Structures are given as C-alpha cells and as structure tokens.
Protein chains: 2
Amino acid sequence: MMRTLNSDKPKRSACSRPSPEPKKSSSTKKEVLEKLDRYLKSQGLKQSSIRIDIVEAILSMRGHFSVAELTDKIHNSSPQVGAATIYRNIPTLIEAGVLQETLKTDNGQAYYETADDDHHDHIVCTDCGRIFEFHEKTIEKEQERITKQMHFETQAHRHVIYASCSYKK
Amino acid sequence: MMRTLNSDKPKRSACSRPSPEPKKSSSTKKEVLEKLDRYLKSQGLKQSSIRIDIVEAILSMRGHFSVAELTDKIHNSSPQVGAATIYRNIPTLIEAGVLQETLKTDNGQAYYETADDDHHDHIVCTDCGRIFEFHEKTIEKEQERITKQMHFETQAHRHVIYASCSYKK
DNA sequence: ATGAATGCAAAGGTTTTGCACCCCC
DNA sequence: GGGGGTGCAAAACCTTTGCATTCAT
C-alpha cells in the first residue's frame, strides 16, 4: 500500500544525485556565541557549558539534521547530556536566532538547520530523503500579496516540494 | 517561552474572523461511494459497513479535520469503531481519491479534508488555529519551473502560511 | 472457505514533564 | 543563595502493529 509522501524512510542509496553543498556559514562561531550571549542576558537566562556544547554541535552540523542526529553529535564530546536537555534548549536557541526549523517529516520528526539570514524553502527528494534548498522571490512576493489580500498578517510559512531526483538509477 | 509556530493549541475564541465557507461539494455522496467502489474492486479489497460509515462521516465533515475529530463524528453513529480501523482506512481512502491530507500541525497531528479536484494550499491562523485556503496559479507555475530547473520531478508539495487574522479583537 | 477487515491492547517513536539535584550569576 | 539548568525516568501524544475474531464475496 502506498503511504503518504515521505512517511517511509527512503534509502540514501536510492538516489545518485550529488549531495547539496554545505552552506557557507554567514557568521563565525564567535559571532553566534555573542548573539546567544546577548539573547540570554536580555531574557535573564544563563550560560551553561552544556548549552555551549549544544550550540557548538549545531554549528558543526552540515545541512539539515534531526534531533537524533544532533544528539549523536553532542554525545561524541559530551556523552552524559540528556535528550530532555537538548529538547528543552531548542526553543531557546530558535528564539536566540541560532537555530531554525526546516520542516517536519510526515512521521513527525523535526529537522533543523543553523539559522541564517537568507530565507529559502525546501525540496525533499522522494528517492533518498535528502533535503535541498530553493530561493524564489516571486513566490515570496505572491505569498505576501495573498496574505494581505485575505486580511492576514504573515507570521511564517513552510513551503516544501516533494520531488524525485532525475539522476536516479 | 514562545514555542514554534502552532505547537500551542490556540483557542478558537482568540479570533473573531468569520469561519471559512464550507466547501461546495463537487461530487455527490453517491458519486463518491461509486468511486470508492471502483477503487476497492480494482484492488481486490472489500466493502464493509464500517468503511462506508467512515466515508459518510468524512463527507459530513466541514472544512479541515483531525483524526480525533473524525473519530468523534464516527462515534456518534457507530460507537464501537476502533481507532486502529480508522487509521488503517486512511491510506486506502486517500488512494481511492476520497480523502486528502491537508497538513500536519507542528505537534504532529494530521489534518484532512475531503478530496476534490481544485488544488489549493493553506493559511493557518496563528490566533485561532483555523485553516483557510488559497489558490495561486503563479506560485504553482514557479514551483514547477524551479523543480524542473533543479532536475527534479515534482511529486507533491505542501505550502502552509502561518498568519494572524487582522480581525482579531 | 478464503482472505480482507476489525477490535483490543500493546508497542512505537518522538517530544514533554515531574522532580530532585546541580551550577551559573 | 536563588533561580535557571540538567539528568533520569515516567508520561504524553499520535499512530502503528500483533493477534484472534468476524465479515464480505
């Protein structure tokens, strides 16, 4: 029975398209940590060595990653960090502008990426599950026009295209 | 602490915008049941009174609904139907062209609507959580253009705008 | 009669929460 | 020292699955 979109985990091997380029980091690690520091101070929150560990793991990730993948990375250097701590830090780091949510898979798992300024949306390969990015100003503008016309104030959007890689086989 | 998009269930009362119009049913109940019948026969599957109950409940729903809401509706007339049966029927009914998935909320709950031919995307009100629809050919075309240009074959897409209703308060 | 459909309960996977303890400011 | 931060385990949540039973054809 066919399932909905990407609820079956596709195998990486099903797709021979080259992986997306790792994004060129627009900010240095130092800048990110300073931004975090400013945010924490502004909110009366505290630095903690574990929070720094988590941020460093995030900065070392390439592309888009799940919490499970992030957890593995963190456990490389700090095996004792609990999953709950990572989950509890996610909203904080999003608020701080360090992290952003990419998309949710149909099975409910969230994917994240390091926050950056250039907005983009995503194409998920239905063969291999990898996530690619696209930029399209026209769509952004149309979106804004529609929302205004319908008397809403845009807060955010998620635009995910599911498509199969033509390089297949 | 602010959470991601619609992970907090907003209260209906937070938004005074009129509800979306119930969609004018493009097919009669009879037509839908015939379509289902054709699909089931083609797949060697069976009719069952419970499956018909589920379809009738779907057709009686207005707008967009979660499995929980659908289950409640079904239980009005057939209280004994188990949740597993409803979940197991969903992929079948999607395949049959009776049902389609609208979106997943950030907390992982799926929303559905009756299948129809006119494609549209969705605006979720960040005040009240209600789901509205928009149609925009320009966006569809751009999307197709980008996907082709990147050498993918489009399978599907999900485009959800999160926006607050200006009629608020 | 044969295989699909169902109910029940248990299991699954991801994320959240309660609580006692720890540590940053 | 006080309030945020953390670990652990349990709970929450939606959904899926195993198994014995029932039903459609």
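Quantities reported herein were computed from a predicted structural model and do not represent experimental measurements. First the proteins, then the strands, lettered A, B, ... as listed; each starts at 1.
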Please list each protein N or O that sits under 3.5 Å from an N or O in nucleotides 23-25 of chain D, with the distance.
residue	atom	partner	partner atom	Å
D:dA24	O3'	B:Gln47	O	3.4
D:dA24	N3	B:Lys46	NZ	3.2

- Message: Of the options D:dT17, D:dG5, D:dT6, whose atoms approach the side-chain atoms of A:Arg51 most closely?
- Response: D:dG5

- Query: Could you give the OH-to-C1' distance, from A:Tyr112 to C:dT14, as a whole number of Å?
  - Reply: 10 Å

- Note on the structure: Side-chain contact check for A:Ile50: nearest option of D:dT15, D:dG7, C:dT14 is D:dG7

- Interatomic distance, A:Asp37 CG vs D:dG4 C1' [rounded to whole Å]: 15 Å

- Message: I need the full list of side chain to side chain donor-acceptor pair (under 3.5 Å) pairs touching residues 72-81 of chain B, with sequence neighbours left out, sorted by first then second residue.
- Response: B:Asp53-B:Ser78

- Report the distance from atom NZ of A:Lys41 to atom C1' of C:dC24, rounded to the nearest whole Å. 12 Å

- Not counting sequence neighbours, which residues clear side chain to side chain donor-acceptor pair (under 3.5 Å) with A:Lys141? List them please. none

- For side-chain contact (heavy atoms from CB on, under 4.5 Å), just list the numbers for A:Glu101 and B:Asp106, CA-CA rounded to whole Å, side-chain angles, deciding distance to a tenth of an Å, and then say yes or no. CA-CA 10 Å; A:Glu101 192 179 304; B:Asp106 269 16; 4.0 Å; yes

- Report the C-alpha separation of B:Glu31 and B:Lys35 in whole Å, then their side-chain angles, then the decisive distance to 0.1 Å, and conclude whether the salt bridge (Lys or Arg N to Asp or Glu O under 4.0 Å) test is met. CA-CA 6 Å; B:Glu31 286 166 342; B:Lys35 175 157 56 160; over 6 Å; no

- Axis-to-axis angle across the helix from C:dA1-D:dT25 to C:dC25-D:dG1, five pairs each end, nearest 10 degrees, ~ 30°

- To the nearest angstrom, how far is B:Arg88 atom CZ from D:dC19 atom P? 13 Å

- Task: Figure out the CG/P separation between B:Leu36 and C:dA5, and round it to whole Å.
- Result: 11 Å

- Task: Kindly indicate whether the side chain of A:Asp37, heavy atoms from C-beta on, has any atom under 4.5 Å from the side chain of A:Gln47.
- Result: yes

- Would you check if A:Ile146 and B:Ile139 make a side-chain contact, meaning some heavy-atom pair closer than 4.5 Å? yes

- Task: Round to a whole Å and report the spacing from CD of B:Glu69 to P of D:dT15.
- Result: 12 Å

- Near-strand residues of residues 75-87 of chain A, defined as heavy-atom separation under 4.0 angstrom from DNA chain C: A:Ala84, A:Tyr87

- Message: For a quick check of understanding: with a heavy-atom distance under 4.0 Å over all strands, which category does B:Ala110 fall into, base, sugar-phosphate or nothing?
- Response: sugar-phosphate

- With sequence neighbours excluded, what pairs up with B:Arg145 under the side chain to side chain donor-acceptor pair (under 3.5 Å) test? A:Glu136, B:Glu142, B:Gln149

- B:Lys104 NZ to C:dT14 C1': how many Å, rounded? 12 Å

- Message: Is there a side-chain contact between B:Asn107 and the phosphate of C:dT16, meaning an N or O under 4.0 Å from OP1 or OP2?
- Response: no

- Query: Ignoring hydrogens and geometry, is there a side-chain-to-backbone donor-acceptor pair from B:Asn89 to B:Thr85 under 3.5 Å?
  - Reply: yes

- From CD1 of A:Ile52 across to C1' of C:dC24 the rounded distance in Å is 12 Å

- Query: Is there a donor-acceptor pair under 3.5 Å between the side chain of B:Arg158 and the backbone N or O of B:Lys104?
  - Reply: no

- Kindly indicate whether the side chain of A:Lys137, heavy atoms from C-beta on, has any atom under 4.5 Å from the side chain of A:His135. no

- Query: Can you find a pair of side-chain heavy atoms, one from B:Thr92 and one from B:Arg51, that are under 4.5 Å apart?
  - Reply: yes

- B:His119/B:His159 aromatic ring centres below 6.0 Å: no

